[in-house]
Amino acid sequence: MAIEVQESTQAKAPGRMGDKVFSTSSLVAGSLILAVLAAVAIFLVAQSLPAFLADPADVNDGQGFWTYVIPLVFGTIWAAALALVIALPFAIGIALFISHFAPRKLAQGLGYVIDLLAAVPSVVFGLWGITVLAPAVQPFYSWLVDNLGWIPLFAGPVSGTGRSILTVAVVLAVMILPIITALSREIFLQTPRLHEEAALALGATRWEMIKVAVLPFGRPGIISATMLGLGRALGETMAVAMVLSPSVIISFALIQSQNPTTIAANIALNFPEAHDLGVNVLIATGLILFLITLLVNSLARMVINRRKAFSGAN
Amino acid sequence: MSKRIEVKDLNVYYGKFKAVEDVSLTIEPRTVTAFIGPSGCGKSTFLRTLNRMHEVIPGARVEGEVMIDGKNLYDADVDPVLVRRQVGMVFQRPNPFPTMSIADNVLAGVKLNNNKMSKSDAEHLVEKSLKGANLWKEVKDRLNLPGSGLSGGQQQRLCIARAIAVSPEVILMDEPCSALDPISTLAIEDLIDELKAKYTIVIVTHNMQQASRVSDKTAFFNIAGTGEPGKLIEFDDTTTIFENPHVQATEDYISGRFG
């Protein structure tokens, strides 16, 4: 009897061993991400402190840190928001087309192309922005100023090169389009067939079925996808730094030659020549960017959780 | 409100595969008709051709005629969307929209037809439909909570309320009780009996007791073998089918000798 019991526990042992290894390794992986995040946060705070503590008169020719960073914060959020406004309708439209309208073969091909677009490095998008997009849209900008100049967004004088914040926003939109599209497509494809059929059986047209069943079901996913896209747009450096000739201003005008720049681009442009306190100031702006991203993500979480009972997860 | 359905020489195909062959039958208004038969015999497929829901499946097509009040559903000028507004459907698994409240679920179909409904009209319709589905007493205090929080049987009755809210002429039910416990099943069966006063009801069921309890007429479908099309074997009064069937296969099936 006793031997039998021992045998049976021995027989179980390898299984438990595997269990242990797996739970430990996943714990390590989970902790690692927290550790990395903490390390980044600690680095940013520690290196930023001198900039915050310094006498405002010593920071950036007596500007003080906050006067310096606020236009950058504005530029960062403004450029990312514009990019999102441009990209989101297209992304959702493309995702819906792939998931619900296109013939299967076309949908597959289109899916590959979208994924490919995500793999293009941002430097390439920056080059495209300068050499192709900016000259191409400049006449259109002139037309906008001439005809719609009374709208503050399109106020003149128009940028002669086309290298304005709107151009940057378009480049950023192209960059974040693939990630939002790819994620939304996955979500839309997961809409339960039962719900789609329920809508159709009530006499919904294809579009009504999408409105009633697909989009509400995909809402949390769309928000998450948007946040990932927004995160990329907020932190994008190269494309912005290449296209914009920066000035530190707060302006909503879209197509003038004077444009606000973003935190990330500003760091990239100024870091090579920065020294002493200047380095700390740049890192402090990085900390601000980190906080903006954190805030945006928490807001998105809140929006998703507010209607959790209606998410269809239960 | 309710209409006669006449089916003439109907064949259903999925691509090249013929799923249902040569079905002709007439369903009278304000009756309950049950479709019984072994799995894969095409009864659900046939049911779906009565409101063109089979078209949701790629490659599915139909030959023949389905006349509702003398109008062929498959005429070139008929919009399937309008067909489905006349012929409602309740599915095997309860499928209320999880992103909507109970009240919005009931109104989902109506809002498709008519977006500008006054609040009092909407409230009135919600109450009427939920009462019609015997669900009002259970949910009247939580109309704004999600429909997915209800029990399976309540969800199915919510789906019935949603279907009757658009005042269809016919209600199709595809094994509406197969995912429910006996008590919820009884509630749905009682409801079918009440709905019959106003609507023409067609129900697919695997439960032969259920067919004999709820239906006036019963159609027995069968297949000769795998890959063969399903056929209508016998269609008659339910009492005749269950007590004195004319075809041997029907008797074998209902007495449990196969299937």
Side-chain angles (χ1 to χ4, degrees), chain A residues 92 95-108 184 186-226 300 303-314, chain B residues 47-48 50-59 79-102 104-113 115 142 144-150 155 158-159 162-168 171-174 179:
Chain A
I92 291 178
L96 278 178
F97 179 71
I98 293 176
S99 66
H100 283 85
F101 289 96
R104 194 187 297 172
K105 273 195 182 145
L106 180 64
Q108 268 179 355
S184 306
E186 287 308 311
I187 300 289
F188 294 157
L189 285 173
Q190 279 171 20
T191 312
R193 199 168 174 84
L194 270 173
H195 300 149
E196 296 183 2
E197 290 195 341
L200 289 174
L202 285 171
T205 61
R206 188 102 68 109
W207 165 236
E208 287 167 336
M209 180 268 280
I210 285 168
K211 251 188 341 190
V212 169
V214 179
L215 289 180
F217 179 83
R219 190 174 157 276
I222 296 172
I223 295 176
S224 299
T226 308
V303 172
I304 294 175
N305 281 341
R306 205 160 41 106
R307 279 178 59 88
K308 202 170 195 172
F310 287 94
S311 70
N314 41 357
Chain B
L47 185 79
R48 283 172 162 251
L50 300 181
N51 69 344
R52 297 183 66 167
M53 274 300 285
H54 69 286
E55 289 171 9
V56 171
I57 299 155
D79 184 352
V81 165
L82 296 179
V83 170
R84 292 176 199 143
R85 287 182 188 179
Q86 283 178 33
V87 184
M89 190 159 190
V90 176
F91 293 82
Q92 198 166 352
R93 292 222 330 261
N95 56 356
F97 297 116
T99 53
M100 291 184 193
S101 68
I102 293 172
D104 286 341
N105 259 294
V106 176
L107 295 172
V110 188
K111 281 186 177 161
L112 295 175
N113 297 311
N115 251 324
R142 44 174 169 159
N144 292 317
L145 295 182
S148 47
L150 299 173
Q155 287 188 22
L158 178 58
C159 293
R162 181 175 67 187
I164 61 181
V166 294
S167 334
I171 301 175
L172 308 177
M173 299 187 177
D174 189 357

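In what follows, chains are A, B, ... by sequence order, proteins preceding strands, each numbered from 1.
- In this structure, chain A has no heavy atom under 4.5 Å from any part of B:V90.
- With a threshold of 4.5 angstrom between heavy atoms, B:P58 does not approach chain A through any atom at all.
- One finds the CE atom of B:M100 at 10.5 Å from the NE2 atom of A:H195 (value rounded to the nearest 0.5 Å).
- Interatomic distance, CG of B:N105 versus CG of A:L202, reported as 9.0 Å (0.5 Å rounding).
- In this structure, chain B has no heavy atom under 4.5 Å from any part of A:R219.
- Residues A:R193 and B:V56 have side chains in contact (heavy-atom distance under 4.5 Å, counting atoms from C-beta outward).
- Considering every non-hydrogen atom in both B:F97 and A:A213, the closest pair reads CE2-CB, 4.2 Å.
- Both the backbone and the side chain of B:R162 come within contact range of chain A, each with at least one heavy atom under 4.5 Å from a heavy atom of that chain.
- In this structure, the side chain of B:N95 engages the main chain of A:L194 through a donor-acceptor pair within 3.5 Å.
- Going from atom OG1 of A:T205 over to atom CZ of B:R84 covers 10.5 Å, rounded to the nearest 0.5 Å.
- One distance of note links CZ of B:F91 with CD of A:E197; it measures 5.0 Å at 0.5 Å rounding.
- Between the side chain of B:R85 and the backbone N or O of A:G203 there is at least one donor-acceptor pair closer than 3.5 Å.
- For the atom pair CG (A:L200) and CD (B:E55), the distance works out to 10.5 Å, reported to the nearest 0.5 Å.
- Between chain A and the residues B:S101, B:A163, B:P80, B:C159, the most heavy-atom pairs under 4.5 angstrom are made by B:S101.
- Contact of B:L82 with chain A is not made at all, since no heavy-atom distance falls under 4.5 Å.
- Taking both residues in full, the closest heavy atoms of B:V81 and A:A204 are given as CG2-O, 3.9 Å, listed atom of the first, atom of the second, then distance.
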